[in-house]
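Just so we're on the same page: letters track the sequence lines, and every chain starts at 1. Every heavy atom of this structure was used, including side-chain atoms; hydrogens, water molecules and symmetry mates were not. Not measured: the values here are computed from a predicted model.
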Amino acid sequence: MSGETLLPLAVALPLLGAALLLALGHVIPKRASDMVALLLALALAGIGAWLAREAAAGPVTHWFGGWVPQGGRPLGIAFTADLAGAGMVCFIGLVFAACFAFAWGYFEPAGAMFHVLMLVFMGAMAGFCLTADLFNLFVWFEVMSVAAFALTAYHLESSAIEGALNFTITNSLASFMMLGGIGLLYARFGLLDMPALGRAAAEAPGEMVVAAACCLLLAALLTKAAMVPFQFWLTDAHAVAPSPVSVVFSGVMVSLGIFGIARLGGTVFAGVPAAQGVMHGLLLGLGLASALLGGVGCLQQRHLKRMLAFSTISHTGILLGALALVSAQGKAGMLAYLLGHGAVKAALFMIAGILLTRCGGIDEIQLRGRGRAVWPAGIVFGLAGLVLGGLPFGTLDEATRLLDSAAAEQGLPWLAAPLLLGAALTGGAVLRAGGRIFLGWGRVSGEEERAPTEEEQEPRDRPLWLMLAPAAVLLAAALGLGGPIAHFALTAAGGGEMPAETPNPWLPWAAIGLSLLIAGWDLGRAHLPRWLRAPVEAASGPAFALLDRLHTGRVGDYVAFMLAGLAVLTLGFMLG
Amino acid sequence: MSPLPWLVAAWLFGIGLYGIVTSRNYLHLIGCLSVVQSATYVLLLSAGFRWGAGPPIFQDQPPGSLVVDPVVQALVLTDIVVGAAVTALLLVLVLQVHKRRGTVDPDALRPLDR
């Protein structure tokens, strides 16, 4: 089958499957919906892989209904699969497949409803990666969001609902901003096709309408990507969503925001110097701030899912930093990091899910030593923690090397250090939690004791190996496929060859060393002399307190920060 | 084209956001969210509007006569559908919050205890 006819199936199959499950959910056997969902996810991965094969020779385009452009003017709506987009579709299929295997039978009380929502979610993500039409992009963005809102509130407990409310309100505002930006572009150019808009915008680069539209679109996508100061919703939503849902949120959904920025930056705003300037300057700053804030926030948590949520902010910040280098190599680093981080983070959330079902809790301090019963999960957890902290091996390491040499090429050889500092902080936090839960270390706790937490449990309804296998497979893929993934990312971004030497080869070692030091410090707190502990605690205490005071959980504050972010973006455009 | 629709859209956007930031009641907050959304309706419809143009339906007027842009109307229609879905979902969530906590004041509600 040619790639062109296959393109619409990437969206049509999941949506059709969702509709059928909705209609037949109550007549088919209970486990059949699990099976259908799993098969559809694998089919999507297959379609993505096939499209990537076809796209290697050049982007594959499908004009819906045969409405091909006439006289150079696009009339219809197109899907275009380039190598990066097709690779993303394949990755989305694989993460969803792992998630469906992990959640086998978990959502039985909800009937087929969970699968319906998840399939819509999956189809929308695939559409988001493939569409070449700006309004269509908004539609997939919105479908993705609405499915995510409903999935977050699945538990219908007080916390889950409040987290879902914050998530829904902030992300709805984001999509209104996006629509506003699209409206401005359409009002000015009368076009919605992204490549055509790019050509039109390149002829009117200095216009205020274009700058305003770019501001609004960036604000919307930065909200989805949870970058400072748009990040607040993420920790609330990820902490309260059911664990299989958090797997997909952190594994794919958040980084799609960054992917969207890459998409728009490479098409619509490719010929607008002001937009490129903001992406290179301001977004780099936001990425750095997010990487560090996420790292510090992560270290301070005791609620495991909330900890992982902060770590997602940190690593998405690294993605934004890599993208903001505006070079092919930086973009390749971004893509490889996205794939590697998605797999590792999905595995970590699966282990959190195992703790929720097997050990009856998600609180690091309460779970101390109780993870011994599920020690194989501890091995995966520990390894994943090392990978987050900068282990010099595997996909994340290859991506870091790409990022490092891209930064040096742009005259910013120091850039990788602060980004990896954020990663090291998250690695330290995850390793600390692992040591405490699975080994019973760390009797005395530090700052994390004052962090918000909650009693939570998920039903013990499926065998351990079934939950652990997808996590182990994802982690093994992230560790073992580093070379091929980096090669794929370089080809997709047109970044040439893998650099033989990086400017700072010691960096990953420093990061992993720092992670281990932080974890060891926190776990061995009881044995440390007071004169050594006191100055460190005096320095870290205020930072932790400030961060905690910012994350109030009040949606009005979050919206105020979003407005501040919009103002900062506007300033960035005005100052050039 | 007159700048008035743009000003109206900007005003609706701003006043809606002000309402969200200061709201003490989730129902009021959801109303404010709809106000922000209506800013996008005004923006889109005004982008496609032409003075003296008819509706984009050629049943009772000859093809080729001046009509307003049908594309933005389709966009607004999509927008309205999405808005209705989100508002319905939000109202259900607020109903559930009220059942469990007996209040709909955002200040009294926090995800995770602290």
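Summarising the geometry of A:Ala164 relative to B:Leu93, their closest heavy-atom pair is CB-CD1, 4.0 Å, with the distance given to 0.1 Å.
Proximity to chain A involves both the backbone and the side chain of B:Ile20, based on heavy atoms less than 4.5 angstrom apart. In this structure, chain A has no heavy atom under 4.5 Å from any part of B:Ile30. Contact annotation for B:Phe13: only side-chain heavy atoms (C-beta onward) come within less than 4.5 Å of a heavy atom of chain A. For a residue to count as touching a neighbouring chain, one of its non-hydrogen atoms must lie under 4.5 Å from one of that chain's; by this rule A:Leu156 touches chain B with backbone and side chain alike. Using a 4.5 Å cut-off between heavy atoms, B:Leu89 contacts chain A through its side chain alone, with no backbone atom that close. Contact annotation for B:Ser23: only backbone heavy atoms (N, CA, C, O) come within less than 4.5 Å of a heavy atom of chain A.
Interface summary for chain B: among A:Val559, A:Leu192, A:Leu165, A:Leu563, the most heavy-atom pairs under 4.5 angstrom belong to A:Leu165. Chain B forms more heavy-atom pairs under 4.5 Å with one residue of A:Val146, A:Leu184, A:Val139 than with any other, namely A:Leu184. Here B:Gln37 is the residue among B:Lys99, B:Gln37, B:Gln96 with the most heavy-atom pairs under 4.5 Å with chain A. Between chain A and the residues B:Val36, B:Leu75, B:Leu43, B:Thr78, the most heavy-atom pairs under 4.5 angstrom are made by B:Leu75. Contact count against chain B (heavy-atom pairs under 4.5 Å) is highest for A:Ser172 among A:Ser172, A:Ala153, A:Gly190. Per-residue counts of heavy-atom pairs under 4.5 Å with chain A were compared for B:Val92, B:Thr22, B:Val94, B:Asp69; the largest is that of B:Asp69.
Counting heavy atoms from C-beta on, the side chains of A:Ile169 and B:Tyr26 come closer than 4.5 Å. Side-chain contact between B:Val82 and A:Leu179 is absent, with no heavy-atom pair separated by less than 4.5 Å. Counting only heavy atoms from C-beta outward, the side chains of A:Glu142 and B:Val86 approach each other to under 4.5 Å. By the 4.5 Å heavy-atom criterion applied to side chains, B:Val71 and A:Phe135 are not counted as neighbours.
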Item to check | Audit row: B:Leu44, A:Ile182, side chain to side chain contact (heavy atoms under 4.5 Å, CB included) steps and yes/no | outcome: CA-CA 9 Å; B:Leu44 283 172; A:Ile182 294 171; 5.9 Å; no

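Distance check: A:Phe176 CZ to B:Ser34 OG gives 7.0 Å after rounding to the nearest 0.5 Å.
A:Ser158 and B:Arg100 are not linked by any side-chain donor-acceptor pair at a separation below 3.5 angstrom, with hydrogens and angles left out of the test.
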